[in-house]
Participant: 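I have a structure here, written as structure tokens, and I will follow up with some questions on it.
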Amino acid sequence: MAGSAGNYSDKTRVLDIRPLRTLKPVFPSGNQAPPFVCAPPFGPFPPGFSPFYPFSASQTNQHTPDLNQAQYPQPHQQPQRYQQPRNPPEPSLVTPLRSFRSPDLSNGDTEPEGSTVKRKIPKKRPIARPENMNFESGISVADRENGNRELVVSVLMRFDALRRRFSQLEDAKEVAVGIIKRADLKAGSTCMSRGVRTNTKKRPGIVPGVEIGDIFFFRFEMCLVGLHSPSMAGIDYLVVKGETEEEPIATSIVSSGYYDNDEGNPDVLIYTGQGGNADKDKQTSDQKLERGNLALEKSLRRNSAVRVIRGLKESSHNAKIYMYDGLYEIKESWVEKGKSGHNTFKYKLVRAPGQPPAFATWTAIQKWQAGLPSRQGLILPDMTSGAESIPVSLVNEVDTENGPAYFTYSTTVIYSESFKLTQPSFGCDCGTSCKPGNLDCHCIRKNGGDFPYTSIGGLVSRKPMIYECSPSCPCSTCKNKVTQMGQKVRLEVFKTANRGWGLRSWDPIRAGSFICIYAGEAKDKSKVQQTMASDDYTFDTTRVYTPFKWNYEPGLADEVASEEMSEEYDIPLPLIISAKNVGNVARFMNHSCSPNVFWQPVTYENNSQLFVHVAFFAISHIPPMTELTYDYGVTRTIGTQNGNPLYGKKKCFCGSEYCRGSFG
DNA sequence: GGCCCATCAGGAGC
DNA sequence: CGCTCCTGATGGGC
């Protein structure tokens, strides 16, 4: 079934954030690139010093080409939604702290014209002067009321970046026992008060920019994009003029799955009304036909469709995941006695026909996970033959090809001799685990003082380099080893309709989650002949990559501002990894001009030596069965530099609205 | 370490 | 302001 994933919803357009900055490359000029290693870039460093460049920095500065001449393809010149202050170009190497805080110009605080957003008392909000406008959402009043895909994606990414940062700060604090951290609430209310939201105009039916199959990890996310506004309640409704008086109609419901719903048919939902639970979750009284219950009743009478969000508990992280499953019609309602003997409203909802599958796909996956029915088109249940701790299925639902060409599966990178470091590595001297916030930890210091991952293992920010703990550190249960612990999501290699084999996940993936590394035979770019530099299975760090903004915006929340959050860093890694003969799942990840995955250099030990690895992380939340893609970049020699965009050698079929047309 | 449960502080919208 | 609401993190028990 070729289209099953393809048309279920277009997730290829995940990333269309307008790049805020230009990713300026500093490349060792062509073939004179320095030997890959020699001077170990990894330390030991003096305490507190964290090198900006992973490789010998001395020469990079001098070879820095005129950055303004390195032109990048700018596929999406979009209206300037939000913009951060552009810092004047600075000599790189030592990058000073850039603060996003504006001078405190106290008082005179004015609402943006026509703002309808209710605000809490802002702590210290900059004046809406042009030079300070950047700290506001940058989303116009009109866009706040009625969104679009681009805005929805942008709001979600900005929320999650902020949430990860709050989470990082909370983790670093020595918090008293029993204090519950709610980074989601902090990030959510920050976004609310700063106007980082869209579709505030409440409406039944379709919400512009929210697609069927979109997933959410927090209730606040659905609130911020106008899918479902209550932060806890399950029924959202709107008061409209009726024939005689005003009456509520339901706009959306969230089915948490806690109540007795599912009868096996994913298109049918039996939903329980609200109320009667005065005492926590125990029902102590009859439910009344008011509020949400009344709204559902009125919607039934009016034949008004209701958006349904399906919640599902993920066994892995104790987390609940929500999936927007499109519009449902309320077919009937009744009252029945609940377990405690009190009256409970019930509503039977049936999914409107003609919508792409979403929750149904998800439930099908649950069954595959349990191993009950065999996966359609399955060629191999585990193409890694046990090399990965989680199996990787090989599937072809498109044609008769029974697998990709032969290669050796390896979970690790194989480095050639030239990579050998001359100095031994050294780690930290923490106990069994490194504690975020412990600035005595060498490894944390190498990361600029911030623990790079959240407590559940999500990457907080993109950086020029992530320094992970290594086997030579004593910390056995340390969380700073995310990319060394193997894959955590259930992946599948599948035959795409027009791009050969591709990679996707059975599991929903959170933004910032580690997906896999790029395994293969690593070569020093400076020692490889140009001609043999690239084939279909080559990863090349020296390509030109389209910049994008992923990290949090310190300007949104003063208390969050810290060190350099620029993503405008140089990539002086002359690293090439060939996965033609040896590789892992990463070799199947296709290119997209609007990718949902990005790569990040990470350093950790491998066979008692430190190496740079290429690790892939999710840009945004990725629904199950959505193809995973990243930006392959463009080979540097191909591009012209005088104002013309760079083009690759290969024709691009990514299908993105912002497709550059070629890559590689 | 994983799963299940009880506990609790929460934010927004009515 | 006060109330409600199909949260989400935490810690204990097994």
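Convention: sequence-line order gives letters A, B, ...; per-chain numbering from 1. Nothing here was measured: the structure is a model prediction, and the numbers come from that model.
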Participant: Return the value, rounded to whole Å, for the distance between atom CD1 of A:I456 and atom C1' of C:dG8.
Facilitator: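 About 11 Å, once rounded to whole Å.
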
Participant: For A:F216 and C:dT7, give me the distance from atom CZ to atom P, rounded to whole Å.
Facilitator: 15 Å

Participant: Report the nucleotide, chosen from B:dG11, B:dC8, C:dT7, that has the shortest atom-to-atom distance to any side-chain atom of A:S189.
Facilitator: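 Of all the options, the side chain of A:S189 is nearest to B:dG11.
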
Participant: Answer yes or no: are there more than 12 heavy-atom neighbours, outside A:K201 itself, under 6.0 Å from its atom NZ?
Facilitator: no

Participant: Could you check whether A:R164 makes a cation-pi contact with A:W550, meaning its NZ or CZ is under 6.0 Å from the centre of the six-membered ring and within 45° of the ring axis?
Facilitator: yes

Participant: B:dG2 pairs with which nucleotide, Watson-Crick or G-U wobble, both distances below 3.5 Å?
Facilitator: C:dC14

Participant: 5'-most contact on DNA chain B: A:S229 or A:R182, nearest heavy atom basis?
Facilitator: A:R182

Participant: Choosing from C:dC5, C:dT7, C:dT10, which nucleotide comes nearest the side chain of A:Q274?
Facilitator: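 Looking only at side-chain atoms, A:Q274 lies closest to C:dC5.
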
Participant: How is A:D184 classified with respect to the nucleic acid when contacts are heavy atoms under 4.0 Å: base, sugar-phosphate, or nothing?
Facilitator: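 The answer is sugar-phosphate, as A:D184 gets under 4.0 Å only of primed atoms, P, OP1 or OP2.
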
Participant: May I ask you to decide if A:T200's main-chain N or O and A:N146's side chain share a donor-acceptor pair within less than 3.5 Å?
Facilitator: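 Side chain of A:N146 to backbone of A:T200, a donor-acceptor pair under 3.5 Å: no, none is there.
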
Participant: Between C:dT7, B:dA12, C:dC6, which one does the side chain of A:Y322 approach most closely?
Facilitator: C:dT7

Participant: For A:T477 and for A:R291, locate the closest nucleotide of DNA chain B by heavy-atom distance; then report the residue assigned to the nucleotide nearer the 5' terminus.
Facilitator: A:T477

Participant: What's the CE-P distance between A:M232 and C:dC3, to the nearest Å?
Facilitator: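 Whole-Å distance recorded here is 16 Å.
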
Participant: Between A:F216 and A:H621 (judged by ring centroids, cut-off 6.0 Å), do the two rings come close enough to count as a pair?
Facilitator: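 No: the rings miss the under 6.0 Å criterion.
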
Participant: Of the candidate nucleotides B:dG13, C:dA9, B:dG11, which contains the atom at the shortest distance from the side chain of A:K202?
Facilitator: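 Selected nucleotide: B:dG13.
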
Participant: What is the distance from CG of A:D236 to P of C:dT7, rounded to the nearest Å?
Facilitator: 14 Å

Participant: Would you mind reading off the distance between A:Y271 atom OH and C:dC5 atom P, rounded to a whole angstrom?
Facilitator: 11 Å

Participant: Would you kindly give the NZ-to-P distance between A:K186 and B:dG10, to the nearest whole Å?
Facilitator: 10 Å

Participant: If you check every side-chain atom of A:R219, which of B:dA9, C:dC6, B:dA12 has the closest atom?
Facilitator: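 Among B:dA9, C:dC6, B:dA12, the one nearest the side chain of A:R219 is C:dC6.
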
Participant: Check for me: is A:F220 stacked on C:dT7 by the 5.5 Å centroid and 30° plane-angle rule?
Facilitator: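 Stacking is absent between C:dT7 and A:F220, given that the ring centres and planes do not meet under 5.5 Å and under 30°.
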
Participant: Between A:R351 and A:D325, is there a donor-acceptor pair closer than 3.5 Å when you use the side chain of the first and the backbone of the second?
Facilitator: yes

Participant: Picking from B:dC8, B:dG13, C:dC5, which would you name as closest to the side chain of A:I180?
Facilitator: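 Ranking B:dC8, B:dG13, C:dC5 by closest atom to the A:I180 side chain puts B:dC8 first.
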
Participant: What's the CZ-C1' distance between A:F166 and C:dA9, to the nearest Å?
Facilitator: 17 Å

Participant: With distance as the sole test, does A:N596 use its side chain to make a donor-acceptor pair with the main-chain N or O of A:I622 at under 3.5 Å?
Facilitator: no

Participant: Applying the Watson-Crick and G-U wobble criteria at under 3.5 Å, what pairs with C:dC5? Answer none if nothing qualifies.
Facilitator: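 Across all strands, the one nucleotide that pairs with C:dC5 is B:dG11.
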
Participant: Can you identify which nucleotide, out of C:dC6, C:dG8, C:dT7, has its nearest atom closest to the A:F218 side chain?
Facilitator: C:dG8

Participant: Considering just the side-chain nitrogens and oxygens of A:K181, establish if one lies under 4.0 Å of OP1 or OP2 belonging to C:dG8.
Facilitator: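 Indeed not, no polar side-chain atom of A:K181 lies that close.
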
Participant: Closest approach to the side chain of A:T272, judged atom by atom: which nucleotide of B:dG13, C:dT7, C:dC6 is it?
Facilitator: C:dC6

Participant: A:L294 CG to C:dT4 P: how many Å, rounded?
Facilitator: 18 Å

